[in-house]
Amino acid sequence: MKKISIAIDGPAAAGKSTIAKMVAKKLNYTYIDTGAMYRCVAYATLKQGLAFEDEKAVSDLLKNMQIEMKPEGTIYLNGEDVTSSIRQNEVSMGASIVSKYQAVREFLVEKQREMAQGGGVILDGRDIGTVVLKDAELKIYQIASIECRALRRHKENLERGMASDLEAIKKEIAMRDEQDMNRQISPLKKADDAIEIDTSEMSLEEVVSRVMELVESKI
Ligand code: C5P
């Protein structure tokens, strides 16, 4: 069977990574979480005590940045396991700021393209279908209402035993979307040839089978 490349883009907390992971497992494809890479840059910025707004300092950090993503999902930044620490709120907001910088985008897009070489991959992010893999055989634009996205994230946090504030989550998601959609370089938008899936009223299983139907039409 042909091994294709699949791009899943969409706003924050739309469940892209959950779906991407499930589909990757079914197809035996490699899943690449590109958001985690921007989160690593934000985490390194925080760790060095630098300001997210300091473009020069953030860009300088890239020279010594080694991001390793293991197949089972562990993420290492310069040898440190950052899998959970990059999920903090402060890092999410920071990722949305540092992802505006050209040097950061160039550095990570190159890595993502290298990792995606040969197909049999599923990448999720904001610019996969429009920039990173413009030739991906299947492009999905996954959306859901803000209420729905915030509530899902809130439940997820509670299940993980984390403190969680629904209204704060809603604000954070809205702020990130606004930044991600309005930045100059590679803003979040639906690629012309992407298929939109609104998951607000769908179960996980329904979304996965819709994506699998689309995959099957391409292979
Ligand atoms: O997907 P996730 O929410 O983990 O991404 C964190 C942030 O990284 C996003 O809000 C966005 O600013 C940035 N990002 C991006 N391009 C991608 C993936 C993520 O700009 N392909």
Side-chain angles (χ1 to χ4, degrees), residues 5-21 24 31-46 52-53 55 58-59 61-62 65 67 69 73-75 77 82-116 121-134 136 139-144 146 148-150 152-154 156-157 160 168-191 194 199:
S5 300
I6 306 171
I8 304 189
D9 290 302
K16 304 181 296 289
S17 65
T18 309
I19 298 300
K21 269 185 226 159
Y31 163 59
I32 302 169
D33 175 357
T34 67
M37 299 167 90
Y38 290 91
R39 287 171 181 271
C40 280
V41 176
Y43 180 80
T45 306
L46 263 184
F52 296 129
E53 289 75 14
E55 180 170 358
V58 173
S59 306
L61 281 179
L62 302 171
M65 192 170 297
I67 301 171
M69 302 173 86
T74 314
I75 300 162
L77 172 64
V82 295
T83 320
S84 332
S85 30
I86 57 168
R87 299 291 152 197
Q88 304 161 51
N89 254 345
E90 208 180 357
V91 177
S92 311
M93 286 309 299
S96 184
I97 298 170
V98 302
S99 67
K100 292 191 239 179
Y101 304 144
Q102 182 160 14
V104 172
R105 300 210 73 85
E106 277 174 5
F107 176 76
L108 295 182
V109 168
E110 192 187 320
K111 277 196 188 311
Q112 290 155 14
R113 287 187 178 141
E114 259 170 40
M115 292 163 84
V121 288
I122 175 158
L123 277 72
D124 81 326
R126 304 293 187 287
D127 61 339
I128 310 303
T130 51
V131 177
V132 181
L133 300 180
K134 271 198 192 130
K139 297 181 185 177
I140 288 162
Y141 194 71
Q142 188 172 327
I143 58 164
I146 181 120
C148 188
R149 290 185 278 140
R152 285 182 193 156
R153 182 55 53 91
H154 180 58
E156 221 173 74
N157 288 347
R160 285 184 186 153
I169 296 177
K170 220 185 259 181
K171 266 194 203 139
E172 181 235 291
I173 290 178
M175 210 144 79
R176 277 207 286 147
D177 286 351
E178 157 82 19
Q179 283 191 121
D180 294 346
M181 287 172 172
N182 293 300
R183 66 178 174 228
Q184 296 245 297
I185 315 169
S186 311
L188 166 66
K189 64 170 189 236
K190 178 179 168 292
T199 69

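FYI, side chains are in, hydrogens and waters are out, and symmetry mates aren't considered; it's all heavy atoms of this structure. Residue numbers count from 1 along this sequence. Both counts, for ligands and for their atoms, begin at 1 and track the order of listing.
Taking a 6.0 Å sphere around CE of M181, one finds it holds more than 12 heavy atoms contributed by other residues, nucleotides or ligands. Atom CD of E110 sits in a sparse spot, with 12 or fewer heavy atoms from other residues, nucleotides or ligands closer than 6.0 Å. Remark: K190 NZ is packed, more than 12 non-hydrogen atoms of other residues, nucleotides or ligands lying under 6.0 Å away.
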Report all N/O contacts between ligand 1 and the protein shorter than 3.5 Å as a table of atom names and distances to 0.1 Å; if there are none, say 'none'.
unit_1, atom_1, unit_2, atom_2, d
ligand 1, 1 (O), R126, NH1, 2.9
ligand 1, 3 (O), R39, NH2, 3.3
ligand 1, 3 (O), R126, NH2, 3.1
ligand 1, 3 (O), R176, NH1, 2.8
ligand 1, 4 (O), R39, NE, 2.6
ligand 1, 4 (O), R39, NH2, 3.3
ligand 1, 10 (O), R126, NH2, 3.4
ligand 1, 10 (O), R176, NH1, 3.0
ligand 1, 10 (O), D180, OD2, 2.7
ligand 1, 12 (O), S99, OG, 3.0
ligand 1, 12 (O), D180, OD1, 2.7
ligand 1, 12 (O), D180, OD2, 3.2
ligand 1, 16 (N), R105, NH2, 3.0
ligand 1, 20 (O), R105, NH1, 2.8
ligand 1, 20 (O), R105, NH2, 3.4
ligand 1, 20 (O), R183, NH1, 2.9
ligand 1, 20 (O), R183, NH2, 3.0
ligand 1, 21 (N), T34, OG1, 3.0
ligand 1, 21 (N), R126, N, 3.1
ligand 1, 21 (N), D127, OD1, 2.8

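Annotation: side-chain hydrogen bond (donor to acceptor under 3.5 Å, both in side chains) contacts of Y141 (sequence neighbours excluded): none. In this view, E55 and S59, Y101 satisfy the side-chain contact (heavy atoms from CB on, under 4.5 Å) rule, not counting sequence neighbours. In this view, V131 and R113, D127, S186 satisfy the side-chain contact (heavy atoms from CB on, under 4.5 Å) rule, not counting sequence neighbours.
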